[in-house]
Every structure is written in C-alpha cells, then in structure tokens.
Amino acid sequence: MSSTKYASAVAAVKAMESNLITQGEFEQLINAKSAAEMDAILSSGASERNSLNEVWEMIHDFAPDSEELKILLYRNDFHNLKAALKATLSNREPEQYYITPTNLELDELKSILTSKEYDYLPEYMRETAEQAYELLTRTLDGQLSDSLIDSAALSAMQKASYEFGGEFIQKYSQLITVCADIKTAYRCSVMNKPYSFIETAVCGSEELDKESLARSAQRGTESFFSFLESTPYNEAAEILKSSPAQFEKWCDDIITDHAESARMRSFGTEPLMAYFIAKETEIKNLRILKVCKECNTNKETIMERMRKLYV
Amino acid sequence: MNSLGLALAILGAACSALFAGIGSAKGVGLVGEAAAGVVSVDPNKFSKVLILQLLPGTQGLYGLLTAILLLSRIGVIGSGAVDLTVSQGLMFFAASLPIAIVGLFSGIAQGRAAAAGVGIVAKKPDHSGKGIIMAAMVETYAILALLISILLIYNITF
C-alpha cells in the first residue's frame, strides 16, 4: 500500500511488538521446571501481555473500516458456525466451543441459527450456513458438515482477500488454504475416504488444484505424496512423510515467514496483520510449552515443537 | 499595469507561505498520527517522537520567511508598496516558486520519513537518532530552495 493510511495504528503496533516474548525469554520458559514456574516467569515480566482479543480490539479500533483485517477472523467465524450449528441441533449450549475474537457477535450467531434467518449472517457465511444445516439434518454426518464449513471458510478467505485486500493477505489466504488442504487430503488418503467426501473437504487454490489433489488423495497416500512432490510444495511432502507434527510446525512457520515480510512496512494494514499473526503464534507457543511442561516433555522435544518467532 | 506587477509579487509571497505551509501541515499531521499511536502504548516515548514531529514543520517557517522578505523588499511591509512592472512582478512571483513547490513536497516527504522514524522509536528507542537523521536529510532540499528564493528576491532590480 503506497498510502500513509493507518500510520497511528502501525506505530502503536510497532511499540507493542517490543512486548512480544523474545527468543531469550522463551528459552527461560523452556528451562522452567514446571508450568507453575513458567507462569511465575511470565507474570514477573515488566511488560504487559495482551490477549488476542485485546490485540484485535486495538487493531480494530485503529482501523474500523478495514474489510481486509476482518479476513483474519474468518476461520474463527466459521469454527463458531460449526459449534453453533451442532449445539442448536442437539439442544446444547455452544459457548464452551466458541473461539474468539470473531467478526460476528456470538449471541447473534446463535439466535440467527435458531431462527434460521440466514440473511442476517455476513454474506460470506450465508450460503454455507444454509448448506451445512441442510446437510447435517439430512445425513446426520457431523464430519461431512464440518468439512464443508472448513472448506467454505478457506474459500471465503481467498475470495475476500482478492476483493478487499492486497498482496499480503492474498498470499496469507493462499498459504492457509494450501496447508489446510494438504492436511485434509493426507488424512483422507490415510482413511481411504471416497472422492465425493474429499472433494467437499478440500478447497483448492492457485497452486494446488482441487480436483487433482482430491483424485490423488482418493488413490492413496503414495499417489497423494507423488502429486504433492510435483507441486511447489514438495518440501511439505518430505516433512509430512517424516512427521505430521513437524508438518504442523512447518505450516505455522511459513505463515510467520510471510508475516515477517511486512515488518519493514511503515504504513498500511500489513504490519497490523503481521502483528496479529505474531501474537497468534506466541499464544500457540505458550500453549505448546505449557502442555509439554505438564507432561514433563524433555527440552529437545519442546525445542522441536516450538514455532518460529516473529521477533 | 503597475498594480498588476505588484499583485503578481504579492501572489508570489502568498504562494510561498501557502504551499510550504500545506506541506508542513500534512507532514506534521502524519507524524502526529504515528506519534499518538506510540504514545497510546508507551507514554514515556513522548519526548522522542515530539522531535520527529517537529521536523516537517520547518518548511512552513521557510515559506513564511520568504513571504515576509518578499513583502518587505517590495515595500508592502514597511516603507510603502513600490511600483512594479508586470515583468518585475513575474520575477518576484518566480522567485517565490522554489520554496513554494519544494516546501510542499518536501514537507509531505519529510512527514513520511519521520512517521517511519516513529516506528524506530517505538521498537528500538536507543536508535531514535537514526530515525531523526534520515528524516532530516529531506530538509536539505527545502533549505536549498529557500536559499534560491532569497537570492532571487534580493537580486531582482527595480
């Protein structure tokens, strides 16, 4: 973006970046003997640690008119749609399954789904909500309905990124889609899922053609890997073959690498999005670390699992 | 015809104050926005970002100085307005253009550079001097334009 838009937000974000947990601080946390000691180290830090919700509120307050930023929350919106749909059909409360921040008020989502007034949903969710509800009530197949919603989330991200966003968010949406598609297609190939299921579950993108990916996954893991090796993501094939957990890390790391490309920008939405992504990664790292500490995982394994840091 | 010459000279004075002032206002405003963002997170950085915010303000002062010198030279300020031919009036108008145009664009450009420098203060306060130097480089061209405008104003004979 060549304009000087969001100068104030970018400057505030740059000030907040200095509060992100650094490599040195993470090493201190890794060396902590227990989860309790970890909490003590974190709370003794001089700087304030904002939650993801607080970060989003800050970014949104600075740039309330940006449709581009909202794309970052599409996956949360669609996740909540899954939770709310299932809860509505099973007469349970969906609150505990919700994730935040979101673009849509959660009470509003629940009431819309209960009354089936899908027109009140944001445009990018309307059709999917209706289709998923119909599919779930007709087949009672929660997995299929979830796959439909997951795939629609990726598709909505890509569409919105081309409609409202610049190169940064377009590439981000593409990377998220590619990673999700590879994971889904791999699982489908391992579980011998039929082509009709895989076709619903994968989204497809410019770099990974939907039909070719679904066909290769349907033919089994060997066929899937040989297809992946013929794409720009052949590195992903090697990593996924050796360890699905390492592949998850690889996915997060390429997103962080992409976020780093916005670090040098002084204006525009890119640094805001990059900071949000960095904060997500920080929270994920803390969660991994906490679980590892609770399970007494050794230091080498923790180091292997830790995601690349933005700072 | 003589009054048209004087009018052109006054228009030149007005342009130098006007355009250089717009450049400064835009530049200072942009840095102010960025500075407010940093101060909202860390109020202790106020003094450092204030220096950066002041930098693009100089173009407006150069424009004002040029306008005063020009008005003084043609007697509008002081002894009374002199009679100027159209060509003399045009010469004064042309003399005001360097600072008017360079002031406008350099004010905006310096604002951008200083706003980017605010990012340095935000992330690495110890290196804030580098941000100030980089933004101050833009000043060179505003000073050169001011120099030319003043030389022209004082060397037009009538």
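Below, chains carry the letters A, B, ... as their sequence lines are ordered, and counting in each starts from 1. Scope of the values below: all heavy atoms of this structure, side chains included, with no hydrogens, waters or symmetry mates.
Checked by atom type and distance alone, the side chain of S8(A) pairs as donor or acceptor with a backbone atom of E33(B) at under 3.5 Å.
Summarising the local packing, CZ of F158(B) is surrounded by more than 12 heavy atoms from other residues, nucleotides or ligands at distances under 6.0 Å. Heavy-atom neighbours of K249(A) NZ from other residues, nucleotides or ligands within 6.0 Å: above the threshold of 12. For Y162(A), the OH atom is densely surrounded, since the number of other residues' heavy atoms within 6.0 Å is greater than 12. Other residues, nucleotides and ligands place no more than 12 heavy atoms under 6.0 Å from the CZ atom of F105(B). Heavy atoms from other residues, nucleotides or ligands lying under 6.0 Å from CD of E167(A) number 12 at most.
Only the side chain of V118(B) comes within less than 4.5 Å of a heavy atom of chain A; its backbone N, CA, C and O stay farther away.
Heavy-atom proximity under 4.5 angstrom to chain A picks out nothing from residues 18-27 of chain B.
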Checking K123(B) against R263(A) for the side chain to side chain contact (heavy atoms under 4.5 Å, CB included) test, could you report, in this order, the C-alpha distance in whole Å, the side-chain angles of both residues, the deciding distance, and whether it holds? CA-CA 11 Å; K123(B) 277 196 89 169; R263(A) 271 176 89 175; 3.5 Å; yes

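Heavy-atom pairs under 4.5 Å with chain A peak, among A122(B), P125(B), S40(B), at A122(B).
The line from NZ of K14(A) to CD1 of I120(B) is 9.5 Å long, rounded to the nearest 0.5 Å.
Shown here for A12(A) and V41(B), the closest heavy-atom pair between the two residues is O-CG2, 3.6 Å. When all heavy atoms of G37(B) and F62(A) are compared, the closest pair comes out as CA-CZ, 4.5 Å. Between A34(B) and A11(A), the shortest heavy-atom contact is O-CB, 2.9 Å.
Legend: residues meeting salt bridge (Lys or Arg N to Asp or Glu O under 4.0 Å) with D77(A), ordered by chain and number and at least two apart, are absent.
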